[in-house]
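Notes follow the structure.
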Amino acid sequence: MNGIYWFRKALRLHDNPALSEAVEKCETLFPLFILDPSIRSFVKVGANRWRFLVQSLQDLDRSLREANLRLIVIRGTPKDLMPKLIDKWKINLIAYEMDTEPFAIKRDQEIDQIANKLKVELIKRVSHTLYDPNDILRNSASKSTPFTYQGFLTTLSKMGSLSPPLPVPDFSHLHPIEKYLKNEPCELPTLEELGIKESECGPCLFPGGETEAIKRMEQTLSDHKWVVSFAKPNTSPNSLKPSTTVLSPYLKFGCLSCRRLYFKLKEIESKSSKCTQPPVSLVGQLLWREFFYANAALTPNFDKMVGNPICKQIEWDKNDEHLKAWKEGRTGYPFIDAIMIQLKTEGWIHHLARHAVACFLTRGDLWISWEDGLKVFEEYLLDADWSLNAGNWLWLSASAFFHQYFRVYSPISFGKKTDPNGDFIRKYIPVLRRFPKEHIYEPWKAPKFVQQNCKCLIGVDYPKPIVDHETVRKINLSKMAKAYANNKAESIVEETGDVLMSPKKKKKI
DNA sequence: ACATCGGTTGGGGTT
DNA sequence: AAACCCCAACCGATG
């Protein structure tokens with residue numbers, strides 16, 4: 001049998017069920033990656049993430065070559081290419097990992113149709129997440145995906161245990177494929193080909209690839225005490241070295257199997273008499289990922305406000321200047337700006353740092369739509385994962401999942417708890433580095449002579465705050481209360497089909 | 001006696 | 001000081 005394993009995510013050989021099954025069934029296997037130019041119309045990918053992808057493909061190719069295979073990278077759209085490749089390589093099997101993102105579902109449906117028409121067997125397996133979202137739906141008591149983490153855990157507890165991760169398959173029986181690849185341009189992409197200049201990329205702190213992923217996992221989890229006492233809320237959003245694992249980019253591209261990580265964590269936990277628990281533990285972090293994936297897969301228009309049934313409808317402002325200032329780290333709030341500069345240059349920021357800047361952009365300060373923030377994260381984050389990105393923006397903007405909108409992060413005091421000296425700010429905004437710690441979070445309040453001594457005049461060398469936090473916070477809280485009231489009224493009209501309400505419901509409003 | 005329902009209540013929610 | 005919503009647990013009414 002001649003098969004294609006189609007790499008999209010799951011850029012790995014370990015614990016890749018669809019790949020393993022294809023290897024077992026085939027005599028000849030073509031490891032394929034399709035570089036689809038139309039991807040740019042779905043998602044904006046910044047230089048750092050392109051680099052991560054290129055590195056991941058290089059690593060995959062290296063590993064495949066050790067097994068006398070190679071990665072075949074072909075340019076074009078899947079639906080145009082597949083029929084030609086099926087014919088050229090005499091393919092009778094296509095295997096790939098299931099993907100729940102809307103654009104991927106559409107893409108894969110087209111391939112499935114082609115395969116069915118040409119009598120090509122399909123192998124499709126869930127391995128980007130621990131659970132199949134549809135299984136979660138089936139096991140949920142409420143007939144919908146659980147909207148709370150605790151409810152989600154309850155559903156999982158009814159679902160039986162996971163099977164352990166698979167090893168790298170044995171490729172030794174496969175025939176060589178080089179002879180099929182004559183006159184076929186199928187080399188790995190370079191940054192130049194993708195239109196990226198090396199100078200656009202920041203320092204490469206997190207190189208892509210399966211090898212690097214496993215190495216990072218082993219290193220990060222080698223301190224078992226740290227693993228079993230991990231509590232997310234106690235980690236620091238503004239430490240100079242990441243206070244969490246930074247495995248997220250590897251999970252996003254599937255360089256690391258979430259199941260392999262899960263079992264590794266469980267193994268470490270089993271050796272300890274007491275360990276932290278979900279939601280704050282490391283296993284808990286993986287389950288947050290599952291939580292958002294399930295909700296994203298089962299909610300229409302999950303990455304939008306309009307047409308999204310779980311999303312509060314809120315009249316956000318359009319303000320391109322403020323949005324640009326936020327994106328470029330020029331809000332005048334050093335804590336916010338430092339985080340945004342770290343995001344742009346390095347491609348990773350701590351989860352709580354994401355909270356702070358997301359709250360600032362939306363309900364906290366700027367009152368700009370979370371959809372605009374989502375796009376910026378999508379561009380800059382190495383770990384930008386459609387479901388998780390949208391889920392977290394819904395959460396932070398208090399549009400879904402989270403509703404205590406009166407809890408607003410202070411762009412001044414939040415960072416002080418874990419970095420009273422402001423070293424994080426000094427690192428990412430060098431122009432502020434001379435300010436004493438008393439002024440570094442609010443440099444505009446420093447007397448003129450202090451600013452002069454620090455060689456940084458606020459309003460000249462570093463911007464004044466674009467909004468006054470205390471003022472806009474109060475205004476936004478009342479806007480939020482109004483928006484919530486409107487949404488409640490809307491939902492009652494929907495339920496009853498009438499504007500007349502029962503007295504009891506009326507009283508509640 | 002039992003199951004099912006509609007509605008209320010209170011505890012809790014990754015800072 | 002409380003604000004928000006979700007949901008499990010509880011309650012009484014009903015068949």
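The chains referred to below are lettered A, B, ... by the order of the sequence lines, with proteins before strands, and numbering in each begins at 1.
Backbone-only contact: A:Tyr409 has heavy atoms under 4.0 Å from sugar-phosphate atoms and none from a base.
Of the candidates B:dG13, B:dT14, C:dC7, B:dT14 carries the atom nearest the A:Lys232 side chain, counting heavy atoms from C-beta on. For A:Thr148, the side-chain atoms get nearest to C:dC7 when compared with the rest of B:dT15, C:dC7, B:dT14. The side chain of A:Tyr149 lies closest to B:dT14, out of B:dT14, C:dA3, C:dC6. Set against B:dT14, B:dT15, C:dC5, the side chain of A:Asn392 has B:dT14 as its closest nucleotide. In the set C:dC7, B:dT15, C:dA3, C:dA3 carries the atom at the smallest distance from any side-chain atom of A:Phe406. Nearest nucleotide to the A:Arg407 side chain, out of B:dT15, C:dC5, B:dG13: B:dT15. The nucleotide whose nearest atom lies closest to any side-chain atom of A:Tyr405 is, among B:dT14, C:dC5, C:dC4, C:dC4.
The distance between the ring centers of A:His128 and A:Tyr293 falls below 6.0 angstrom. The aromatic ring centres of A:Phe435 and A:Tyr441 sit 6.0 Å or more apart.
Put simply, CZ on A:Arg289 is 18 Å from C1' on B:dT14, counting in whole angstrom units. Here B:dT14 presents its P atom at 11 Å from NE2 of A:His403, a figure rounded to the nearest Å. In this structure, the CD atom of A:Gln150 is 9 Å from the C1' atom of B:dG13, given to the nearest Å. Rounded to a whole Å, the CE atom of A:Met480 is 21 Å from the P atom of C:dA2. The OH-P distance, from A:Tyr484 to C:dA3, rounds to 14 Å in whole Å. In this structure, A:Leu153 atom CG and B:dG13 atom P are separated by 11 Å, rounded to whole Å. Taking atom CG of residue A:Asn238 and atom P of nucleotide B:dT15, one finds them 17 Å apart after rounding to whole Å. Distance, A:Phe152 CZ to B:dG13 P: 17 Å, rounded to whole Å.
A salt bridge does not link A:Lys324 to A:Glu321: none of the charged nitrogens lies less than 4.0 Å from a carboxylate oxygen.
Not a single donor-acceptor pair, N or O on each side, falls under 3.5 Å between the base of B:dT14 and the side chain of A:His355.
The salt bridge (Lys or Arg N to Asp or Glu O under 4.0 Å) pairs that include a residue from residues 338-365 of chain A are A:Arg354-A:Asp383, where partners are two or more places apart or lie in different chains.
The main-chain N or O of A:Gly208 is found under 3.5 Å from a side-chain atom of A:Gln55 such that the two form a donor-acceptor pair. Side-chain atoms of A:Asp419 do not come within 3.5 Å of backbone N or O of A:Gly415 as any donor-acceptor pair. Checked by atom type and distance alone, the side chain of A:Gln285 pairs as donor or acceptor with a backbone atom of A:Pro279 at under 3.5 Å.
C:dC7 and B:dT15: their C1' atoms are spaced 23 Å apart (whole Å).
Exactly one residue among A:Phe147, A:Tyr131, A:Phe401 makes a ring pair (Phe, Tyr, Trp, His ring centres under 6.0 Å) with A:Phe291. That residue is A:Phe401.
Stacking here means ring centres nearer than 5.5 Å and ring planes tilted less than 30 degrees, and by that measure A:Trp288 stacks onto B:dT14.
Paired regions of DNA chain B, where each region holds three or more successive Watson-Crick or G-U pairs whose two hydrogen-bonding distances fall under 3.5 Å, are B:2-13 with C:4-15.
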